[in-house]
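Report on the following structure.
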Amino acid sequence: MRFTIAIDGPAAAGKGTISKAVAQHFGFAHLDTGLLYRAVGAQMLAGVAPIEAAQTLQADALDPAKLRTADVAQAASKVAAIPEVRAALVDFQRAFASRAGGAVLDGRDIGTVICPEAEAKLFVTATPEVRATRRHLELVAGGSSTDYATVLADVKERDARDMNRADAPLRPASDAHILDTSQLSIAQAIAQAIAAITSKQKG
Ligand code: DC
């Protein structure tokens with residue numbers, strides 16, 4: 001059985017949490033495509049040319065623990081605007097999407113560019129202020145002393161770069177189900193995501 005679920009949206013909207021829960025619910029494999037761009041961004045920070053880094057990327061470079069920093073996030077957003085970097089990562093993502101047993105991919109362009117034929121598409125969003133508040137709480141819980149204003153500025157800067165780039169900009173696919181999580185608990189957001197996908201499965 002092949003069934004692809006595409007989950008796109010801006011930074012810190014809840015995509016990761018929702019994608020993991022959806023993959024577990026349906027028993028599908030999950031790929032966080034942001035990790036690919038983060039791995040390339042991390043290599044750029046280490047002095048490797050981004051296109052070369054993308055073309056030679058290895059699975060063991062996708063360690064979330066090392067890639068979830070604010071610096072790597074900004075670097076990822078920068079390398080993600082380079083068309084040759086995006087092109088180098090397409091085949092891996094499409095192969096993952098078409099694996100037997102079903103796949104969930106989350107990112108920015110899954111429903112629009114990587115898997116326009118995906119059976120179910122969600123666009124998970126929330127206001128920049130809500131997203132910055134959530135990210136700030138996460139950072140503080142992890143021992144960081146970053147202030148809210150810095151996190152909000154960071155979120156807005158990444159949104160602007162991801163939405164305004166020429167190649168595969170962040171935007172909802174015309175057939176995506178929009179899930180605004182601003183006023184939802186995690187449990188509510190997951191329940192609504194599963195309900196939207198289940199209705200696609202039945203249809
Ligand atoms: O989802 P994330 O925050 O880990 O993504 C980091 C950056 O990678 C994001 O700011 C833009 C880029 N990205 C992308 O351009 N396309 C994707 N499918 C996933 C991420």
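Read the numbers this way: they start at 1 and go in the same order the structure lists the ligands and their atoms. Fair warning: this is a prediction, and the values are worked out from it, not measured in the lab.
Residue pairs that meet the salt bridge (charged side-chain N to carboxylate O under 4.0 Å, His left out) test with at least one member in residues 54-74, sequence neighbours left out, are Asp32-Arg68, Asp63-Lys66. Applying the salt bridge (charged side-chain N to carboxylate O under 4.0 Å, His left out) rule to pairs touching residues 167-192 yields Lys121-Asp175, sequence neighbours excluded.
Thr181 pairs with exactly one of Arg134, Lys15, Arg131 by the side-chain hydrogen bond (donor to acceptor under 3.5 Å, both in side chains) rule, that one being Arg134.
In this model, a donor atom of one side chain and an acceptor atom of the other lie less than 3.5 Å apart for Tyr37 and Arg86. No side-chain N or O of His136 forms a donor-acceptor pair with one of Asp147 less than 3.5 Å apart.
Contacts of ligand 1 (protein heavy-atom distance under 4.0 Å) are Lys15, Thr33, Gly34, Tyr37, Arg38, Ala76, Ser77, Ala80, Arg86, Gly107, Arg108, Asp109, Arg158, Asp162, Arg165.
With sequence neighbours left out, the ring-ring contact (aromatic ring centres under 6.0 Å, His included) criterion links Phe96 to no other residue.
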